[in-house]
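Below is one structure, written out as structure tokens; comments come after it.
What you see is a predicted model; the values in this text were computed from it and never measured. Just so we're on the same page: letters track the sequence lines, and every chain starts at 1.
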Amino acid sequence: MRRALKNDFFERPTLAVARDLLGKYLVRRKGGKTEAFLITEVEAYDGWHDRASHAHRGETERNAPMFRSAGRWYIYLCYGMHWMLNVVTGPSGYPAAVLIRGVEGVNGPARVTKRLSINRTQNDKPAVLRSGLWVEDRGFIVSSRLIGRSPRIGVDYAGEWARKKYRFFLKNHELSLRGVTHRVTTKQ
DNA sequence: ACGATGATGAAC
DNA sequence: TTCATCATCGTA
């Protein structure tokens with residue numbers, strides 16, 4: 001089973017999308033080569049009131065993709081050198097997105113974009129095969145007991161929002177890191 | 001523990 | 001126009 005996720009997957013509440021992205025595959029096609037990576041760690045950024053979100057101070061040129069329809073990429077430069085990859089979620093007009101913080105064998109949001117050669121050229125583009133970057137369901141089921149939650153990384157300035165457990169990760173991430181076949185999932 | 005490195009947004 | 005800040009990482 002190999003099915004590219006459609007907009008209806010991303011149009012759901014942001015926390016649900018974040019949780020369900022674990023165990024899906026981030027797929028990159030570039031220069032005739034296609035690579036797929038198991039998604040192992042994500043963070044949700046949910047609405048205007050979320051003080052950790054770029055959308056907290058309203059719509060700007062940078063965060064405009066977050067306010068648009070779900071299933072598009074929101075990519076921006078952080079600390080002057082790192083690209084951050086997010087996928088827009090929720091209804092159109094509601095600013096929300098999920099940050100891809102880790103994939104199998106690649107730990108950390110800046111390393112993910114570096115490994116997959118992602119930069120602003122994909123920003124605001126739809127997550128479909130045609131754009132060269134999309135997400136696939138490959139039939140794995142990730143049960144709740146294999147998922148960990150924690151506060152988000154690097155958002156200590158966000159007050160009570162910094163403490164919300166909006167980060168989701170696969171508990172056996174370390175196994176994946178060492179290149180060992182992961183056992184977190186069960187074939188459908 | 002800290003410097004790299006530049007876009008962003010808010011203040012002036 | 002200036003300035004502080006920043007959804008991080010590599011080196012020490």
dT5(C) - base-pair partner by Watson-Crick or wobble geometry, distances under 3.5 Å: dA7(B)
S69(A) and R72(A) side chains, donor-acceptor separation under 3.5 Å: yes
Heavy-atom side-chain contact between W161(A) and H56(A) under 4.5 Å: no
Sequence-aligned protein contact record of nucleotides 3-12 of chain C, with B where the base is within under 4.0 Å of a protein heavy atom and S where only the sugar-phosphate is: ---BBBSS--
Validation row: V17(A), F9(A) side chains within 4.5 angstrom (heavy atoms): yes
Side-chain (T113(A)) to main-chain (W83(A)) donor-acceptor, under 3.5 angstrom: yes
Reference residue S150(A); test side chain to side chain donor-acceptor pair (under 3.5 Å); the match among R167(A), E43(A), K164(A), K165(A): R167(A)
